[in-house]
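A short write-up of the structure that comes next.
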Amino acid sequence: MIEAQTLTKRYGAKTAVDSVSFTVQPGRVTGFLGPNGAGKSTTMRMIMGLDNPSGGQVTINGRPYAKHKAPLHEVGALLDAKAVHTKRSAYNHLRAMAATHGIPNSRVNEVIELTGLGAVAKKRVGGFSLGMGQRLGIAVALLGDPQTVILDEPVNGLDPEGVQWVRHLARDLAAEGRTVFLSSHLMSEMALTADHLIVIGRGRIIADAPIQDIIDGQSKARVRVRADRPQDLLNPLAGDGVSSQLLEPELIEITGVDPRRIAETAQRTGVLIYELTPLQLSLEDAYMQLTQAEVEYQSHSLSPTAPDTTQLTIPVEGRRP
Amino acid sequence: MSAQTATSPSPSRHAPRPGSGITFSRVLRSEWIKVTTVRSTVILIASTVLVMIGLAALTAWGYAQLAQSINDGSLPADLQAQGPGSPATDALTTPSSGLIFGQLLIASLAVVLIASEWTTGMIRSTMVAVPGRTPALLAKTVVIAAVSFLVGLLSAVVSYLIAQPILGGQDIDFALTEDGVLASIVNTGTFLALVAVISISLGILLRNTAGGVVTAVGIFFVLPVIMQLLSGLAAWVPDAARFLPGEAGNRMVAVTAAGDTLTQLQGGLVMGAWAVAFLVAALIVTKKRDV
């Protein structure tokens with residue numbers, strides 16, 4: 001189990017991780033999702049004791065990582081596939097890592113087999129493809145047969161077969177009762193692997209819920225309406241599971257009511273409607289919406305005449321006001 | 001994924017096994033594996049030994065030539081005027097004469113071994129495996145210092161053996177039992193070990209190969225020259241210069257103590273103090289900084 005309490009990391013004036021608190025439970029795959037620069041890697045580096053928090057603390061199985069007597073048996077982590085001396089072979093890298101904990105060479109050979117590195121294990125890591133590097137990083141993470149496994153962007157650079165393999169591995173490890181925490185910036189990947197999602201944007205947690213709740217919560221029927229008297233339209237619609245947001249004086253977004261009922265209500269109350277757009281949300285859209293305001297490096301259209309994309313705001317607990 | 005499930009142990013095995021975990025001797029072993037599994041490191045260590053022995057053989061040949069010139073009166077007039085010194089006494093330092101270049105190689109090696117961990121990213125693996133940080137850096141320091149000591153000792157012993165027949169031609173060969181000779185041979189190793197400790201500390205502090213090597217060269221080679229140039233400025237400058245790490249280290253391998261210079265033991269203590277100071281600074285800084 002990983003527990004972070006008001007964990008904070010500041011680099012000078014910039015706050016990379018802003019007072020985040022979360023718990024990663026054993027027995028399930030927890031996805032750590034966020035755009036690039038959201039603070040995923042920094043959080044993971046703090047969990048593994050590489051970066052010292054500016055505030056708060058994070059513990060694994062009750063104590064900070066560095067306080068464990070046999071840390072590789074507690075936690076295995078792939079933080080960075082490039083954390084290897086390029087002139088050393090994969091086999092010798094694993095041997096050197098294993099030696100610190102007295103892990104026998106038989107286990108080194110096991111993880112080499114397990115990760116499919118057999119053919120290249122005696123070759124210099126410098127010549128590895130990104131995918132092979134990822135496999136080596138995962139081999140190191142599994143070396144100590146740890147109770148907790150942390151993988152930062154594990155499918156980066158893997159071929160489709162490798163991606164599948166990582167998915168199965170993560171699910172198998174969780175099925176064995178281990179704590180599995182993986183980060184990604186790809187919602188689609190998480191949808192296939194994770195049971196629970198922690199979404200981070202600009203260093204803050206913007207969602208922490210079972211993956212199904214996030215999909216449900218974000219993909220409810222949503223309709224964009226332009227009307228001359230929005231309030232007169234909303235009053236009769238009010239009810240359970242219905243929420244609305246005034247985006248402009250005459251533009252509202254209504255959640256939880258289907259478009260037909262809105263049109264009927266408008267007819268009945270005599271409110272003039274001049275736009276009625278059902279908004280279909282895919283999981284990817286849900287994620288984009290969750291994180292849109294939190295994206296650090298936003299891409300802009302190159303064409304100056306491109307229409308503005310409508311930015312929707314969703315009230316999510318814990319979000320910056 | 002049958003292979004995966006076959007090798008994944010049941011959760012019941014997760015309890016820490018007895019005897020498992022980090023111990024200093026295990027970290028030492030890990031660092032030993034690291035040093036011996038990068039081919040360029042092994043080649044650099046072997047070449048250091050060869051270069052030091054070669055330099056010592058050349059030095060012995062030089063002293064033999066000088067002794068011969070003095071004996072048959074063919075010494076060039078300008079050398080005669082300078083006073084050629086006593087080749088017989090000077091030759092006593094032949095075993096350690098490879099240090100001139102050996103310290104440069106060992107300093108580079110030590111800086112490269114630690115700084116390359118930062119430049120390749122290896123340090124993150126190291127510090128995840130040994131999150132206490134200090135044991136990992138201490139173990140690396142011990143391994144490199146021990147290797148450097150052996151490089152120095154081996155070179156000096158072989159240099160002594162090779163030099164004797166060369167010097168013997170002019171009757172200026174000498175026994176190991178002569179005052180200070182044995183200590184000078186052992187201290188050739190000690191000198192290199194301390195150079196390694198100072199250099200590895202620089203590598204840890206700077207995290208950069210080029211910067212570390214340049215700083216090490218600055219401390220061992222350039223600083224003494226600067227002090228020499230400034231020695232006319234004030235009386236304390238040459239006094240202070242004696243306590244520079246390189247200068248103090250040179251006294252460890254000197255066989256004849258002249259005037260107010262440091263003795264072998266004093267030289268060793270002064271250089272040792274420098275090494276400890278650099279290392280402690282490096283360990284404290286690493287403990288506090290992010291990896």
Side-chain angles (χ1 to χ4, degrees), chain A residues 9 26 45 48-52 64-77 79-89 91-93 95-103 110-111 113-116 125-126 137 140 142-147 164-165 168-169 172-173 176-178, chain B residues 1-41 112-113 116-136 139 287-291:
Chain A
K9 182 68 186 180
R45 289 165 55 84
M48 297 307 291
L50 290 176
D51 282 8
N52 302 314
Y65 179 75
K67 299 279 183 234
H68 285 287
K69 287 203 175 65
L72 289 187
H73 290 308
E74 293 288 338
V75 191
L79 292 185
D80 180 353
K82 291 273 182 276
V84 181
H85 196 299
T86 42
K87 288 182 183 164
R88 199 171 284 126
S89 72
Y91 173 71
N92 283 325
H93 175 69
R95 239 173 20 108
M97 292 293 102
T100 57
H101 283 57
I103 296 168
E110 257 172 47
V111 295
E113 283 312 305
L114 181 61
T115 50
V125 177
V140 173
L142 298 177
L143 201 53
D145 185 19
Q147 165 66 20
Q164 281 247 331
W165 171 73
H168 285 289
L169 179 72
D172 288 350
L173 291 169
E176 288 168 3
R178 302 180 206 233
Chain B
M1 292 312 102
S2 52
Q4 196 274 321
T5 31
T7 44
S8 287
S10 62
S12 59
R13 255 179 67 187
H14 295 149
R17 276 133 282 188
S20 74
I22 302 171
T23 62
F24 190 69
S25 65
R26 283 171 172 169
V27 180
L28 267 181
R29 200 177 135 60
S30 171
E31 290 299 333
W32 174 250
I33 292 172
K34 285 193 203 166
V35 167
T36 50
T37 52
V38 172
R39 200 184 309 153
S40 53
T41 306
V112 164
L113 280 178
S116 69
E117 290 221 4
W118 263 284
T119 51
T120 60
M122 178 68 199
I123 193 71
R124 292 191 288 278
S125 296
T126 303
M127 294 313 191
V128 162
V130 188
R133 300 183 187 179
T134 305
K287 195 86 184 166
K288 298 208 163 144
R289 274 173 83 179
D290 291 341
V291 176

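Every chain is numbered from 1, with letters handed out A, B, ... down the list of sequences. Scope of the values below: all heavy atoms of this structure, side chains included, with no hydrogens, waters or symmetry mates.
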Heavy-atom proximity to chain A below 4.5 Å, by part of B:Ser40 = side chain
key: Side-chain donor or acceptor of A:Asn92 paired with backbone N/O of B:Ile33 under 3.5 Å   = no
query = Quick one: what part of A:Lys87 sits under 4.5 Å from any heavy atom of chain B, side chain, backbone, both or neither?
reply = both
key: Pairs touching residues 32-41 of chain B that satisfy salt bridge (Lys or Arg N to Asp or Glu O under 4.0 Å), sequence neighbours left out   = B:Glu31-B:Lys34, B:Lys34-B:Glu117
query = Can you tell if the side chain of A:Leu50 reaches within under 4.5 Å of the side chain of B:Met127, non-hydrogen atoms only?
reply = yes
ask   = Heavy-atom distance under 4.5 Å to chain A: side chain of B:Arg133, backbone, both or neither?
value = side chain
task = Determine yes or no for a side-chain-to-main-chain donor-acceptor pair under 3.5 angstrom, with A:Thr100 supplying the side chain and B:Ile22 the backbone.
result = no
key: Verdict with reasoning, A:His93 to B:Met122, per side chain to side chain contact (heavy atoms under 4.5 Å, CB included)   = CA-CA 9 Å; A:His93 175 69; B:Met122 178 68 199; 3.5 Å; yes
query = What residues, two or more places apart in sequence or in another chain, satisfy salt bridge (charged side-chain N to carboxylate O under 4.0 Å, His left out) together with B:Arg29?
reply = none
Winner by heavy-atom pair count (cut-off under 4.5 Å) against chain B, out of A:Pro71, A:Pro64, A:Gly49, A:Gly116 = A:Pro71
task = Please look at B:Val128 and chain A and tell me whether the side chain, the backbone, both or neither of the residue comes under 4.5 angstrom of a heavy atom of that chain.
result = both
ask   = Considering residues, nucleotides and ligands other than A:Lys67, do more than 12 of their heavy atoms fall under 6.0 Å from its NZ?
value = no
inquiry  = Heavy-atom cut-off 4.5 Å, strictly under: side chain, backbone, both or neither for A:His68 against chain B?
reply    = neither
key: Electrostatic pair B:Asp290-A:Arg45, nearest N-O below 4.0 angstrom   = no
task = Applying side-chain contact (heavy atoms from CB on, under 4.5 Å) between A:His85 and each of B:Thr120, B:Leu113, B:Thr37, report the one that passes.
result = B:Thr120
